[in-house]
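What follows is a short report on a single structure.
Each chain gets a letter, A, B and so on, in the order its sequence line appears, and its residues count up from 1. Note that the coordinates shown come from a computational prediction; the quantities given were computed from them, not determined experimentally.
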Amino acid sequence: MTPTPQAHCDLLIIGAGPAGMAAALAAAPSGMRIVVVDDNPVPGGQIWRDGPGVQLPPLARQHRKALARHTNIEILSSTRVVGLGDRASAGDAASLILENAARGWTQHANRLILCTGARELLLPFPGWTLPGVTGAGGLQALIKAGLDVRGQRIAIAGTGPLLLAAASTARKAGAQVLRVAEMTSWGALATFAAQLVRWPAKAWQAPTLLHPGLRANAHVLEALGNTQVEGVRLQRGNTVEQLECERIACGFGLVPNTHLGQMLGCILGERSGLQVDALLQTTVPGIYAAGECTGFGGSERALLQGAMAGHAAVGDSEAAQALQNQLARWNAFADALHRHFPLRTETLAALPRPDTFVCRCEDVAHGALRQRSSWIDAKLHTRCGMGACQGRICGAAAQVLYGWTPQPARHLLSPARIATLADAGSEPSHESIPLT
Amino acid sequence: MKNTAAMVEVHVGAARVRVPAGSSVAAALAQQPPGRTRLSVSGQWRAPLCGMGVCHECRVLINGRERLACQTVCEDGMHITTSTAHTGGAA
Amino acid sequence: MATYDVIVIGAGIVGAACAHALANAGQRVLVLDARLGGATNAGMGHLVVMDDNPAELALSQASLAQWHAWAPRMAAEAPGTAFNGCGTLWVAADVEEMQEAEHKRARLQAHGIACELLSARELAALEPVLRPGLHGALRVGGDSMVYAPNAAEWLLGRAATPIQVEKMHASRIEGRRVHCAGGSVRDGGAVLLAAGIHATQFCPELPIRPKKGHLAITDRGSATVRHQLVELGYVKNAHQTEGTSVAFNLQPRPTGQWLLGSSRQFDTLDPAVDNAVLARMLRRAIGYVPSLAERNAIRTWTGFRAATPDGLPIIGRHPEREHLWLAVGHEGLGVTTAPATASLIASCMLGTAAPIDPAPYAATRFVQEFPA
């Protein structure tokens, strides 16, 4: 019988976006053995996603170069946390089952920093399962990874600063952005734009607000098409607009990725993120969290939180505290974001029809769900939330549509190869198997 | 767009597809727009939705192993099969 | 305050079937359920004739007949019940197991249960996912599967007399009265306890121990499985009284996903998935279906079976407490044997002719707990 694959490190960081990278760099001078796990092919998270469709900002390139210089930082790309492993030592903060394309193993860590970021809030509307419908941040990510959108007509809808960022990316990639239908009011948009000057680094975003296709008080009604998107119907104030298009990119803001933290016992705090104290420690000793997973707030905040968590995790609370004033500024920016792009729950809850799928993994329709009494009741009787996305997409939707509080999975965080799980249980051997 | 001459060739079903190096499998599939990836439980074709490995709509078989197209980079010679949902497992 | 003829504690498959039978007989039934989620929500819903002893066979055979009778109505009225008459293949990995398969065939056929032996070659042709080198199998075509949570819901909603179902945590039984959390009470003509592993909270004297089981469900794949596949060693596992054991058990879901089991562990109430036990269970499954290694598991979970010392449920009057009836301790056969349990307990409670001999299931057989 082959020995059980096990590995150990001093500091394990989940996520190689700005927060994760900053955490690793802050912790590196300690000399501790640091492993960073990220499920994308290349570090950067969402905002610094690299690919053929990208010109990486200088700050991103600097961070990646800096990471590569440290011999005690190992970055495991295309690697996913699939579940909770068995502990080897009581002193470890966590043992996680990891998996890449080739193999799975249990990673033990003395300290853990969760930088799991946020995902887009995707809400159901008639036709949203048609090929060609993506998130707004989703479209941006796909384009960065090489999606060819030259000459394609795109309608962007939803709410939040991601819409205009996606419009900009799409336009630069040669697409024709016909419309940006922002749900919030002109007043809220204008106030948000005016506030951007308080954060000079963000002021560059202001010109993007001048997209000619931008309409406020507008929202998607339906994606049209037979086997793929052929058009879109939008509500604009009191009128309905119908456009021919090849793609619809629709997103409603960001939801912190807290499943792993919750599985580890961390408590949620403000804005549905993981609760952290002044030194970025969660409610579980030895586990820290930084970035969007503590509540959406932008990349500058994520970098600061990441650095503070990295310092704190290796015992340098002074260095962490030194960054607190800067963090306070960016927390204020986060507040502004949340204020100006609220969700119009009533409107959104009225979008799906009875036959509109809410759970895309299991094809469970709105009509079947709305008569259920709770998330658990729905899961048990309709299989909603029992699919591959582990309830991430439909759970967030169910919260908006029905007011349910979805519960994260308890053991598997993500689908995992059975071979990985078949190896994950035995007594740990005392030799570390090389990871490459 | 990066100015890169390096291209990579992958197999999508029986077809050969060339994409810039570093492109995701999702991008390669989208060369036949809109880039559908899998059949749902009730038989609908789906394509990538979230672009960031959360929704699992983009699961495809890559060299025989199920992986997410939006998070996998194309490599020369890769075999990609869009996966069909299997309905009626027991007769 | 309304009083009921019967108060049933527990809305799992056994409680639901019992309530259904009693209500069909004209009884006013109240079902109290604390929504803790029990074996009904966790199990496979495999409807299987088990013949390890005559009493088990009688209960499961009568129950399968009832499930088949209900099947057309369930399909029409509640498609979510997903009744599927796929049959079971009891797989033999060696010569001894093949001999056991032959004995099993003889026993089942003697009771009029259709089954046939499959040679190694026939088995491979019928179920190509199984590894080469197996010796054959016994095919029991009448075995089926059902999605138990929806079957329970259907039973509670479709009785001749409407059944009242209340989400309520019952805390104590006092004669005909059930005391509930928060201080309220419910009064009935009789009380029927169908609360699975929680039965001992009401009756600590009942010899019921929790037996933890693990399950996993895979994603869809391209390979087909037609029957529920169970290793013949399963039977040895189910009747062990100590230690942790695993056995190969694979159910093909209508979606094309594969539901995997099974494991048995005593005397733990920790619902967390135990990686070591899960790994053992999955390794055993891979031993029968090698391609499993490459499939993704989407979810893993655990459940607790209510086990009695002799593996038979307790169905009948409580030996010492008046007005209290019991339908508990079904181990891994709760879904299978719910219908016959229900018709048996209803006949006992209503004084009508018992459909099968009630003696083997009587609580009084446990002489230590209930000295005569």
>> Let me confirm one number: the CG-OG1 distance from C:N296 to A:T420, rounded to the nearest 0.5 Å.
In response: 8.5 Å
> When heavy-atom pairs shorter than 4.5 Å are enumerated against chain C, which of A:I376, A:L380, A:I97, A:L421 gives the highest number?
Replying inline: A:L380
>> Is A:L84 in contact with chain C via its backbone, its side chain, both, or neither, using a 4.5 Å heavy-atom distance?
In response: backbone
> Picking from A:S414, A:P415, A:A416, which has the most non-hydrogen pairs under 4.5 angstrom with chain C?
Replying inline: A:A416
> What distance do C:N275 atom CG and A:D423 atom CG have between them, rounded to the nearest 0.5 Å?
Replying inline: 11.5 Å
> Below 4.5 Å, heavy atoms only, C-beta onward: do A:I418 and C:L260 meet side chain to side chain?
Replying inline: yes
> Okay, side chain of A:Q390, backbone of C:I298: is any donor-acceptor separation there less than 3.5 Å?
Replying inline: yes
> Looking at side-chain heavy atoms only, is the closest gap between A:H411 and C:T302 below 4.5 Å?
Replying inline: no
>> To the closest 0.5 Å, what do you measure between CZ (C:R220) and SG (A:C361)?
In response: 8.5 Å
> Is chain A contacted by the side chain of C:L292, its backbone, both, or neither, given a heavy-atom distance below 4.5 Å?
Replying inline: both
> Considering all heavy atoms of both residues, which atom of C:A279 and which atom of A:A422 are nearest to each other, and what is their separation?
Replying inline: CB-O, 3.4 Å
>> Looking at every non-hydrogen atom in both residues, tell me the closest pair between C:Y147 and A:M386 and how far apart they are.
In response: OH-CE, 4.1 Å
>> Out of A:H381, A:R417, A:R383, return the one with the most heavy atom pairs under 4.5 angstrom to chain C.
In response: A:H381
>> Does any backbone or side-chain atom of A:R410 lie under 4.5 Å from a heavy atom of chain C? Answer side chain, backbone, both or neither.
In response: neither
> Checking salt bridge (charged side-chain N to carboxylate O under 4.0 Å, His left out) for the pair C:E153/A:R372: CA distance, chi angles, key distance, verdict?
Replying inline: CA-CA 12 Å; C:E153 198 175 60; A:R372 290 286 148 190; 2.9 Å; yes
